[in-house]
K.L.:
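Below you will find the structure I want to go over with you.
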Amino acid sequence: MAEATVKRTGGGRGRFITFEGGEGSGKSTQIKALAQRLEAAKLRTIVTREPGGSPGAEIIRHLVLSGMGKLLGADAETLLFAAARDDHVRNVIEPALNQGIWVLCDRFSDSTRAYQGRLGNVPPEVLNAMERVTIGDLKPDLTIILDVPVEIGLCRAAARRGIGAPDRFEAEDVGFHRDLREAYRQIAADEPQRCVLIDATPDPATVAASVWAVLHDRLLTTPAGNAVNSA
Ligand code: TMP
């Protein structure tokens with residue numbers, strides 16, 4: 001598990017790792033910790049987020065989180081997330097992966113599946129069509145889903161926010177956040193090859209150790225237990 005076992009032989013495409021989870025699940029803290037660990041292992045890494053991550057997509061982020069998208073209805077709001085994703089994939093994610101850089105992304109298409117699909121009732125065929133346009137064949141190599149009881153997550157989100165107003169999704173009721181947690185657990189159960197559900201209740205260092213163990217086993221070692229080319 002130590003960094004010393006990570007062998008970098010250079011060349012090749014970077015790896016695409018996404019983090020998902022409900023409000024207050026600790027994604028940003030865990031992404032930062034993982035990025036530091038990958039950099040220490042001499043793997044070039046960028047951290048990005050959705051909605052956002054590119055100048056055009058950040059403008060859409062502002063619009064969506066202000067609640068403007070909600071006024072337009074779930075389908076139109078989904079289109080806004082798709083437009084942001086399209087810009088982000090083309091201008092940030094794909095170019096980085098092609099340069100051999102590891103991309104750590106705070107939320108990606110599973111967020112659309114969970115928030116707009118399961119909770120907004122946007123039909124799967126609409127989501128599939130949008131995915132075809134925005135991400136094509138791009139699939140995360142690994143998706144870490146941070147799972148935390150809703151009460152704990154919402155408390156953490158409120159503490160982080162301080163006196164600021166909750167954003168468009170934080171402001172939804174507890175039932176919404178319970179359904180969201182279920183939606184993520186279902187995604188993890190449906191796609192075990194790509195997704196790993198991690199208990200995000202413990203302290204950040206403990207969760208970071210779990211994340212690193214998963215990443216190491218899935219992306220940095222062969223089935224025989226040898227370190228592999230990682231960049
Ligand atoms: P966050 O960056 O603080 O997690 O805020 C982003 C919010 O946007 C979060 O509540 C989830 C929501 N969201 C969607 O509803 N659909 C999406 O496709 C994405 C990427 C985010």
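All heavy atoms count here, side chains included; hydrogens, waters and symmetry mates do not. One-based numbering, in listed order, for ligands and for the atoms of each.
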K.L.:
For ligand 1, which atoms have a heavy atom of Glu50 less than 4.0 angstrom away?
P.N.:
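In order of numbering, the contacting atoms are 20 (C).
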
K.L.:
What part of Arg107 sits under 4.0 Å from ligand 1 if we count only heavy atoms: the side chain, the backbone, both or neither?
P.N.:
side chain

K.L.:
For atom 11 (C) of ligand 1, what is the nearest protein heavy atom, given as residue, atom name and distance?
P.N.:
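Residue, atom and distance for the closest contact: Tyr115 CZ, 3.3 Å.
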
K.L.:
Do Ser111 and Tyr184 get their side chains close enough for a donor-acceptor pair, meaning under 3.5 Å?
P.N.:
yes

K.L.:
Nearest to atom 2 (O) of ligand 1 by heavy atom, Arg49, Arg113, Arg61: which?
P.N.:
Arg61

K.L.:
Would Glu50 and His88 count as having a side-chain donor-acceptor pair, cut-off 3.5 Å?
P.N.:
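Present: a donor and an acceptor within the cut-off.
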
K.L.:
Under a heavy-atom criterion of less than 4.0 Å, does Arg85 contact ligand 1?
P.N.:
yes

K.L.:
Would Glu23 count as a contact residue for ligand 1, given that I'm defining contact as a non-hydrogen atom of the residue lying under 4.0 Å from a ligand atom?
P.N.:
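Under 4.0 Å: yes for Glu23.
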
K.L.:
If you measure only the distance, is there a donor-acceptor pair under 3.5 Å linking the side chains of Thr134 and Arg90?
P.N.:
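The answer is no; no qualifying pair exists.
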
K.L.:
Under 3.5 Å, is there a donor on one side chain and an acceptor on the other for Thr206 and Asp203?
P.N.:
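Asp203 and Thr206 do have a side-chain donor-acceptor pair below 3.5 Å.
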
K.L.:
Enumerate the atoms of ligand 1 whose separation from the nearest heavy atom of Thr112 is less than 4.0 angstrom.
P.N.:
17 (C), 18 (O)

K.L.:
Does the ring of Phe19 carry Arg107 above it, NZ/CZ under 6.0 angstrom from centre and within 45° of its axis?
P.N.:
no

K.L.:
For a side chain to side chain contact (heavy atoms under 4.5 Å, CB included) with Asp141, tell me which candidate from Arg194, Arg15, Arg218 qualifies.
P.N.:
Arg15

K.L.:
Do Ser54 and Asn91 get their side chains close enough for a donor-acceptor pair, meaning under 3.5 Å?
P.N.:
no

K.L.:
Give the residue, atom name and distance (to 0.1 Å) of the protein heavy atom nearest atom 7 (C) of ligand 1.
P.N.:
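Of every protein heavy atom, Leu65 CD2, 3.6 Å lies nearest to atom 7 (C) of ligand 1.
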
K.L.:
What protein heavy atom sits nearest atom 14 (C) of ligand 1, and how far away is it?
P.N.:
Phe81 CZ, 3.2 Å

K.L.:
Of all the heavy atoms in Asp106, does at least one lie under 4.0 Å from an atom in ligand 1?
P.N.:
no

K.L.:
Answer side chain, backbone, both or neither: which part of Gln116 comes under 4.0 Å from ligand 1, heavy atoms only.
P.N.:
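Near ligand 1, Gln116 shows its side chain, while the N, CA, C and O stay back.
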
K.L.:
Give me the ring orientation class for Tyr115 and Phe176: parallel if the planes are under 30° apart, tilted from 30 to 60°, perpendicular past 60°.
P.N.:
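Tyr115 and Phe176: tilted rings.
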
K.L.:
Report the part of Val64 (side chain from C-beta onward, or backbone N, CA, C, O) that has a heavy atom under 4.0 Å from ligand 1; answer both or neither where that applies.
P.N.:
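Val64 to ligand 1: no contact under 4.0 Å from either part.
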
K.L.:
Would you call Lys27 a ligand 1 contact, heavy-atom distance under 4.0 Å?
P.N.:
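So Lys27 counts as touching ligand 1.
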
K.L.:
With a 4.5 Å cut-off on side-chain heavy-atom distances among I, L, V, M, F, W and Y, is there a chain of contacts connecting Leu38 to Phe16?
P.N.:
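Hydrophobic grouping puts Leu38 apart from Phe16.
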
